[in-house]
Amino acid sequence: MFDRRRGAYAGLFGFLLVGAMGVACSSSEHSSNGSPGGRCTTSQDCAGKPCVSGVCQSSSGGVGGSSGGKSSMSTGGSLSVGGSTSTGGSSAAGASGAEDAAGANSGGIPGSPAGSSCTQPSDCQSGQCSGGLCMPSVPLPNTSCETGPDCASGVCESGACVIPAGASGTVDTTECLAGSLGCSCQPMNKCKPGLTCTDGMCCNAKTGSCDSGSVQMGTGGSSGEPATACQPGVVGTIISECGYPFASSNPLTGILFNESSVLAAIVPSGGYPFASVQLFYNDEHAMTLGVHEAVIDGVSQSFPVSPLAMSPDVVDSPQTGTNLILGQLAGVDPVGRPMWPAMFITDITEHPESVAGDWQWGGAPVNPTYIAGTWKGAVRTVDASGASITPDADPAKNNQNYGNGHTAPAGAITKAEAFGTEVRWDIRLEVGHNYRFQVMVHDGDQNKIGGDAGEACVTFCAGNACPADVLPCSTDDDCTEGDLCSAGCCFTPPPTGSGGSGGSGGSGGSGSGDCPPDWKTYVTAAGTTSCTPPPTDGSCPAGYVLTIRNNEQYCTLEQVR
């Protein structure tokens, strides 16, 4: 039976951004005195410091002068530059610099994105080449510190966070451990959990991939497959390893993900007016939704995590605890990965091999907009001995009943475990752009070194169709249960009366003059502009939807389910 997973609408119905007319934000920041954050054309405009993406950098590469430590990143792990949030390691200049990113300069920043091969700084968009790879233009999470609690591991030595021993483990194919991914099978064709013996080699049981991850991933996360033209609506190969771990000058590429088998499927669909990315989780313990309590040196602080009222349950816009990536109250595991289900997005249209938006390269986490099934919270503790994660007790089993009539794709779950969850992200994508989605979750026991975490990646070419679970329409008559037709898709009408027209800062939208402080200018493909609030903690205010354009994140007025 058709189920639209109805949610509350906070935006004005029928107000679609593509038809919105606005006024560009103030451009007073376009002048530069050579200080970090000022506008530039060459390094001469920056008193000899690097000029990256039209913005003067500090000597250490961070826009605004800071390149590490707990003060250099905003909540959600993105660089704090005029309140903007960046996907793929790029940053907007000031409060209104997004017109360059989305408008006239939409052809892209010269050079290759983070994670690409390089021989010299000029090869990279960030102007930073280290160990043969382009570094991101944002500080990587949990790599620098002042005290132990600043680190995900709880251990700080000489200003650098210490990764727990055993959390990294690049596969050495010359000393391949039998039973491991990409290695020979053990006697009687045995392999480690999540792997299957194929022609004498241990391969991923779900994807069939036998790649050990000992080398950097291939094109667009597709295990070396050649790049293809973007065909709207086409989903690429799902890669559970995402091409990691491998050794590099970036310590995060060597982090092991030992529970990727809990990710049964990723299903992207749609594009404009919005897309959906569904994740199906399957494990013997309930999925962790986030850290609801952080205990730092004996001092406790609480954060909201949506409760599970029944098993199974369904929640729109779930609360996921503390979404800080850096600092003492970060909601991360001991190696710095978000404890909540997070998605990382890279626009690979111009750079098919780009991995710049991955967690490993400083990408900004995007929070889910919907969850169904079962879940639980966790407590993060940091003291002199280090950091640890303690999950809450499991709820009642739901046995892959998500409570909404949905099922995982056929063949995705070969052995149904006691707990299942469907997580969804509603976003808006540019039609004809190709994207790489990396999703990351934690299971409910967290007894492995660094924390039990799974990751998976998939490529998707955005189209102009509705998501798979939304009815297409030409008129209101094509919709059911009181839904109305807008932009070719059936939507539930927004609530009427107070509270239905904006969310925080909603009065500063297009047509109201200069943008409010720290808001961004979104420029559509048609050239119209609109002031948009910056994403916070990977989410947008009520009445806005996260929009991805040229590796920049915007909160644009849109309906969400």
Problem - salt bridge (charged side-chain N to carboxylate O under 4.0 Å, His left out) between R337 and E455, intermediate numbers included - result: CA-CA 10 Å; R337 297 170 293 204; E455 67 168 350; over 6 Å; no
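- Side-chain contact of H285 with D452: a donor-acceptor pair under 3.5 Å is absent, judged by distance alone.
- SG atoms of C540 and C555 are separated by less than 2.5 angstrom, consistent with a disulfide link.
- Within the structure, salt bridge (charged side-chain N to carboxylate O under 4.0 Å, His left out) contacts touching residues 258-273 (residues at least two apart or in different chains) are E259-K448.
- Ring orientation note: the planes of W519 and Y544 are nearly perpendicular, at an angle over 60° on the 30°/60° scale.
- If you take CD1 on I348 and CZ on R436, they are separated by 8.0 Å, rounding to the nearest 0.5 Å.
- When only modelled atom types and interatomic distance are considered, E552 and Y554 share no side-chain donor-acceptor pair under 3.5 Å.
- Aromatic pair F460/Y435: centroids not less than 6.0 angstrom apart.
- Pairing of C479 with C490 by a disulfide is supported, the SG atoms lying closer than 2.5 Å.
- M440 is not listed as a side-chain neighbour of M343, based on a closest heavy-atom distance of 4.5 Å or more.
- For P535 against L546, the heavy-atom pair with the smallest separation is CG-CD1, 3.8 Å.
- By the 4.5 Å heavy-atom criterion applied to side chains, D443 and Y281 are counted as neighbours.
- Between atom CG of residue D518 and atom OG1 of residue T536 there is a gap of 9.5 Å, rounded to the nearest 0.5 Å.
- In this structure, the side chains of W340 and N323 come closer than 4.5 Å at one or more pairs of heavy atoms.
- In this structure, CG on D316 lies 11.0 Å from CD1 on I371, to the nearest 0.5 angstrom.
- Taking both residues in full, the closest heavy atoms of V458 and P268 are given as CG1-CG, 4.3 Å, listed atom of the first, atom of the second, then distance.
- At a cut-off of 3.5 Å, with distance as the only test, no side-chain donor of D333 or Q446 sits close to an acceptor on the other residue.
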Handout entry: Verdict with supporting geometry, C230 and C461, disulfide bond (SG atoms under 2.5 Å apart)
Key = CA-CA 6 Å; C230 187; C461 183; 1.8 Å; yes
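- Between K376 atom NZ and D394 atom CG the span is 3.5 Å, to the nearest 0.5 Å.
- Residues forming a salt bridge (charged side-chain N to carboxylate O under 4.0 Å, His left out) with E417 (at least two apart in sequence, or on another chain): none.
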Practice task
Evaluate side-chain hydrogen bond (donor to acceptor under 3.5 Å, both in side chains) for Y244 paired with D358, printing each intermediate quantity in order.
Solution key: CA-CA 11 Å; Y244 306 102; D358 286 3; 2.8 Å; yes
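- Between D392 and A378, the closest heavy-atom pair is OD2-N, 4.0 Å.
- Taking every heavy atom of both residues into account, L289 and S306 meet most closely at CD2-O, 3.9 Å.
- Going from atom CD of Q400 over to atom CD of E422 covers 11.0 Å, rounded to the nearest 0.5 Å.
- No side-chain donor from either of N434 and D347 sits under 3.5 Å from a side-chain acceptor of the other.
- Between the SG atom of C531 and the OH atom of Y522 there is a distance of 14.0 Å, given to the nearest 0.5 Å.
- When side chains are defined from C-beta on, E293 does not count as touching F303, because their heavy atoms never get closer than 4.5 Å.
- Cysteines C485 and C473 place their SG atoms closer than 2.5 Å to one another.
- Remark: the T374 side chain and the N398 side chain contain an N/O donor-acceptor pair separated by less than 3.5 Å.
- Closest approach of A356 and P113 over heavy atoms only: CB-CB, 3.8 Å.
- Here the shortest heavy-atom pairing between Y402 and T421 reads CE2-N, 3.5 Å.
- Checked by atom type, the side-chain pair N404/Y370 shows a donor-acceptor distance below 3.5 Å.
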